[in-house]
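Structure record follows, encoded as structure tokens.
Proteins come first, then strands; the chains are lettered A, B, ... in the order of their sequence lines, and each starts at number 1.
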Amino acid sequence: MSAARTKPVSERLWAAAVWAGIGFFVVNLLALIAVVITSSFATRWLGTWLPNALTIKWYFEAWSEFQLDDVLLVTFEIVFAVVVISGLIGVPAAYAMARREFPGKKLVMLLFLLPLLVPPVTYGIPMATVLYQTGLGGTMFGVILANLVPTVPFVILVMIPFIEQIDPRVEAAAKVFGAGTFRLFTDVLLPLLTPGILAALLLVLVRTIAMFELTFLTAGPTSQTLVVALYYAVFASGVRAVQSIDAMAVVYMVTTLVWLVIALRFVNPTQIVTRAKQNPAH
Amino acid sequence: MSFSSQSFRELRLEGVAREFGSVSALKDVTLDIKRGEFIALLGPSGCGKSTALNCLAGLLPTTRGAIWLDDKRIDTLRPEERGFGMVFQSYALFPHMNVRKNIGFGLRMKGRPKAEIAAKVDEALGLVRLQNQAEKLPGQLSGGQQQRVAIARAIVIEPPLVLMDEPLSNLDAKLRIEMRGEIRRIHNQLGATTIYVTHDQDEALSLADRIVVLRDGTIRQVGTPEELYARPSHLDVADFMGYRNKISGRVVSTDSRTATIAVGDGEVTGTLRETLSGDMAVIALRPEDLTVSTDGKGIPARVETLEYRGHEFQGLARGPGGIELIFSSHTRLPTGSEVRLKADPAKSLAYAQGTQ
Amino acid sequence: MSSVSVARPATSDDRLTLKQRLVNRGLDGVTMLTLPAIVFTLALFVYPFCYGLWLSFRPKDGSLLGNYATFFSDPFLYHTIGTTLALALPVTLINLLAAIPVAFRVRLMLRPRLLTTILVIPITLGTVLVAEGMLTYLGPQGWFNRVIMWLGLTNAPVRLVHNYWGVFLSLIITGFPFTFLLTLSYVTGIDPALEQAGATLGASASQRFRTIFLPLLVPGLAITFCLSFVQAFAVFPSAVLLGAPAGPTRVISIAAYQAAFESYDYSMASAIAMIMAVVQLAVVAAVLVLRNLAYRGPVAGTKG
């Protein structure tokens, strides 16, 4: 790049301005997260740059006040069920969608796209209505069902391109060499699909921990996940110390980000949002 | 003919180099190109030929050296300021513009009057014989037609230099030969100075006025197709030019023009192409120049396979020390038969051992 | 697919069993694997939606259009459409306009992964946590106000939470990464050789953007706008926590939520949800119509 070629000043100014914008955004974002963490360890923090002293007592307080052990247990039960069920329903469907042409396939594809394109609040209210009328509203099972609505299509859409890039001749070869359907699945397909399934399910896991709207609309007092409990705590702030709420927020952040870090070992960050790229409607 | 390549006398590359981090893709390339020449940059993948072309186009900055168009230094200019025409391997046609718009793009960017653009585009369409496809989008054209559009788009701006980056590699064999003729015809008609990158020696031999063989980022040989075909200056160039037999052995006699090496109890003589060092030499020769001897002299070998090639047979034989020899024969030989193979000294080339 | 019928005599089509005929049309055991997912989506997405639509026409007062009449005659309700649009439209536009130049810069980066990872964090953490962080960070005693006062940009703290701007900024923080990553995937989907071709043909950087990139990006940008807008229009927790949910940021999802879970009027709540869906659909349709007016050419033209 040491060539004497010079870019026009305007071009370099523009590049600098864009980088400055990116920097401003990232700095504020990181500061925002740092504030929550700092506050959760602060004894008292009012009107100064940094808190007077640090303590970890808010974590104990938050743990007992918000019954975090119960909440965490419920959260993991729900998330685990959602991950397993969406994998069991989604992966076979994705396999069929990737490997077969059948009448009405475009319509089926649209059916799987809609729950991802329509925001949860929009369909969540009628869905919650139906769940409450069938007696499932407020139960853990209802929350699991609600969370599956976007995650099943999500698994399908993440897995379709992954399955498509596996050469179908590998399966044909396995059949020629005498593998039955079961052995084909266990000996050939499963090992090939494992990285894709792992990636898709990790993304489902991260999304479900953070899924506020659907859980909020369908959860009862005993089926709240961490993010909903956090919402209620912030909503009723003033009742409890800010630091205590922040301690809970840190617990939530850690739960989410740990899984995000693990997920990012297997997927590209852009995959978390760009599943809509498979959208055939565009 | 109203297309003309803008007037210049010569294009000079002086010690041009390009590094990617610590890897040098191009080392100290110096080359003079005369106006109107058709130059092929030939070499295996990774030899630096595409890097050289991209440096010429301005798509990659050079790390050292200079490029001159007569007295004007151009390596400091951005690609849009150089005004060269380029044909890309993937064609890079603008998918949202029809054929006419694609071809006229460069003229529009130069702000030429509409009437002039229309006239030039019509003429270019005629030149590449696509008058009937002018309103189609690139996606509606066949590979060969897309290729023609890409060529028309590059020459319509009347560039001093046309750069072509493996333009035929995406076409099937039959179309490749057809388009090869087309490119030659257009070049003959317009006389535009052209630099053509390829890894296919047939393409280079049939198209170019001069061929530049690159390897590991350096120029190995520059010459006319005839020179390269008959007298490659290095063993690796010979290898690339279809000299598939490389027989090494101890030198038994040498004079100013030839060297003879011992192979088993036989001998092979070749024309010297470089100064020998040590007492070993390698003789390179094409399969068609290694034939079955009838006088009992030559390299002893056992026939392993023989294929019918229409006008003759081509076979693989195992010589002394297990060396593989690819040879020609006018008669069918049974597998396993013992033969002696002789080489034409004028067409066998002797190189120093280990200079590759 | 047709190999089975070809292998038999031409007249024997009627002798094929039902199963074979289904297989010929691609309906075999493998295809049936889609059934659980289809049934599930129909039962928990399509059916509730249709049920909600039906329910919205069965208001408490027994009339057909009672809910819709109430909604459009009560300013406290119908103003929510305008309030939500006033947030969602500018935010989406700003996010998209900012995402384009940033995506063009990041496209040239050798290792964009760190940046994209940082940007994925607010999406992963979600709106509730971002709202919680913003309450402290942007509050009158927060670091943001302390910095701008220390820089002398203002004398008194700027009010950035519990009003329109709080919700606006939270939508930028969670919405920009989403818009950016979508835009980036479209920008990087364009063959770089097209830009190189433009450059060798004499087009300057701005000409290349206008004549090559922009036309090729328009379809993708329209989709990105639609998806980002729909997300922003459904803003809910941040409007409650960071805004003034009784007034300036009483968005439409708050109205729907209150109808369902505070008045227990599921019929009214469904009606509001349907109105919400219709407004989203209308804006999406308008964007797609505009795109078709502005752009004629291959829709899937991003592949070289």
Side-chain angles (χ1 to χ4, degrees), chain A residues 11 15 18 21-22 26 29 31-33 35-36 39 46-47 49 89-90 92-93 95-97 99-103 108 111-112 114-115 119 121-123 125-127 129-130 145 149 152 156 206 210 212-213 227 230-231 234-235 249 252-253 256 260 264 269-270 272-274 276-277 279 282, chain C residues 25-27 30-31 33-34 36-38 40-41 44-45 48-49 51-52 98 101-102 105 113 116-118 120 122-129 131-134 136-137 141 143 146 173 178 181-182 184-185 205 219 223 227 230-231 234 236-237 240-241 253 256 260 266 269-270 273 276-277:
Chain A
E11 209 170 295
V18 172
I22 299 174
V26 169
L29 177 64
L32 190 152
I33 293 169
V35 159
V36 176
S39 166
L46 267 177
W49 284 96
I89 301 181
Y95 181 75
M97 294 295 283
R99 285 288 189 252
R100 288 290 183 277
E101 290 302 322
F102 54 89
V108 173
L111 179 72
F112 292 147
L114 278 176
V121 175
T122 314
Y123 66 82
I125 286 175
M127 189 189 63
T129 308
V130 170
L145 282 180
V149 173
V152 167
I156 296 176
V206 172
F212 169 74
E213 285 88 350
V227 66
L230 179 64
Y231 171 85
V234 180
F235 185 70
Y252 166 76
M253 267 201 288
T256 319
L260 178 69
L264 288 178
T270 46
I272 291 173
V273 293
T274 50
K277 216 187 160 191
N279 185 355
H282 97 258
Chain C
R25 303 200 60 194
L27 294 169
V30 171
T31 313
L33 292 175
T34 54
I38 292 175
F40 179 83
T41 314
L44 276 137
F45 181 77
F49 222 99
Y51 176 77
V102 175
R105 281 291 136 209
R113 191 159 172 139
T116 46
T117 304
I118 292 176
V120 151
I123 303 177
T124 316
L125 291 179
T127 44
V128 177
L129 189 112
E132 156 67 2
M134 281 177 66
T136 317
Y137 178 63
Q141 299 286 334
W143 280 347
R146 297 189 77 87
I173 288 180
F178 178 83
L181 291 173
L182 267 180
L184 183 66
S185 74
I223 298 284
L227 289 175
V230 163
Q231 301 291 334
F236 178 54
V240 177
L241 302 178
S253 20
Y266 290 116
S270 297
M276 201 165 143

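To the nearest 0.5 angstrom, C:F40 atom CZ is 11.5 Å from A:L111 atom CG. Here the straight-line distance linking atom CZ of A:R100 with atom CG of C:L33 works out to 9.0 Å at 0.5 Å rounding.
Closest approach of A:A15 and C:R105 over heavy atoms only: CB-CZ, 3.5 Å. For A:Y252 against C:T124, the heavy-atom pair with the smallest separation is OH-O, 4.1 Å. Scanning all heavy atoms of the two residues, the minimum distance from A:P119 to C:Q231 falls at CG-N, 4.5 Å. For the residue pair C:T34 and A:F112, the shortest heavy atom distance occurs at O-CZ, 4.5 Å.
Proximity of C:L125 to A:I33: side-chain heavy atoms (C-beta onward) are separated by under 4.5 Å at one or more points. At a threshold of 4.5 Å between non-hydrogen side-chain atoms, the residues C:V240 and A:Y231 count as touching.
Atom CZ of A:F235 has 12 or fewer neighbouring heavy atoms from other residues, nucleotides or ligands inside a 6.0 Å radius.
Annotation: maximal heavy-atom pairing with chain C below 4.5 Å, among A:V36, A:T256, A:V121, occurs at A:V121. For the set A:V108, A:I125, A:V26, the count of heavy-atom pairs under 4.5 angstrom toward chain C peaks at A:I125. For chain C, the option among A:A249, A:S39, A:G21, A:A31 with the highest count of heavy-atom pairs below 4.5 Å is A:A31. Across C:L241, C:T136, C:T41, the residue that shares the most heavy-atom pairs under 4.5 angstrom with chain A is C:L241. The residue among C:R146, C:R113, C:M276 with the most heavy atom pairs within less than 4.5 Å of chain A is C:R146. Looking only at heavy-atom pairs under 4.5 Å with chain A, the residue among C:I173, C:I38, C:I118 that has the most is C:I38. Taking C:A98, C:G133, C:G52 one by one and counting their heavy-atom pairs under 4.5 Å with chain A, the maximum is reached by C:G133. For the set A:I89, A:V227, A:L32, the count of heavy-atom pairs under 4.5 angstrom toward chain C peaks at A:L32. Put simply, of C:P237, C:P36, C:A256, C:S253, the one with the most heavy-atom pairs under 4.5 Å next to chain A is C:P237. Interface remark: of the candidates C:G126, C:A131, C:P122, C:P122 forms the most heavy-atom pairs closer than 4.5 Å to chain A.
In this structure, chain A has a heavy atom under 4.5 Å from the side chain of C:A205, while its backbone stays farther away. Looking at A:L114, the atoms closer than 4.5 Å to chain C (heavy atoms on both sides) sit in the backbone and in the side chain alike. For A:V152, the part lying under 4.5 angstrom from a heavy atom of chain C is the side chain only. Proximity to chain C is limited to the side chain of A:I22, based on heavy atoms less than 4.5 angstrom apart.
When atom types are taken as modelled, the side chain of C:W143 and the backbone of A:W49 share a donor-acceptor pair closer than 3.5 angstrom.
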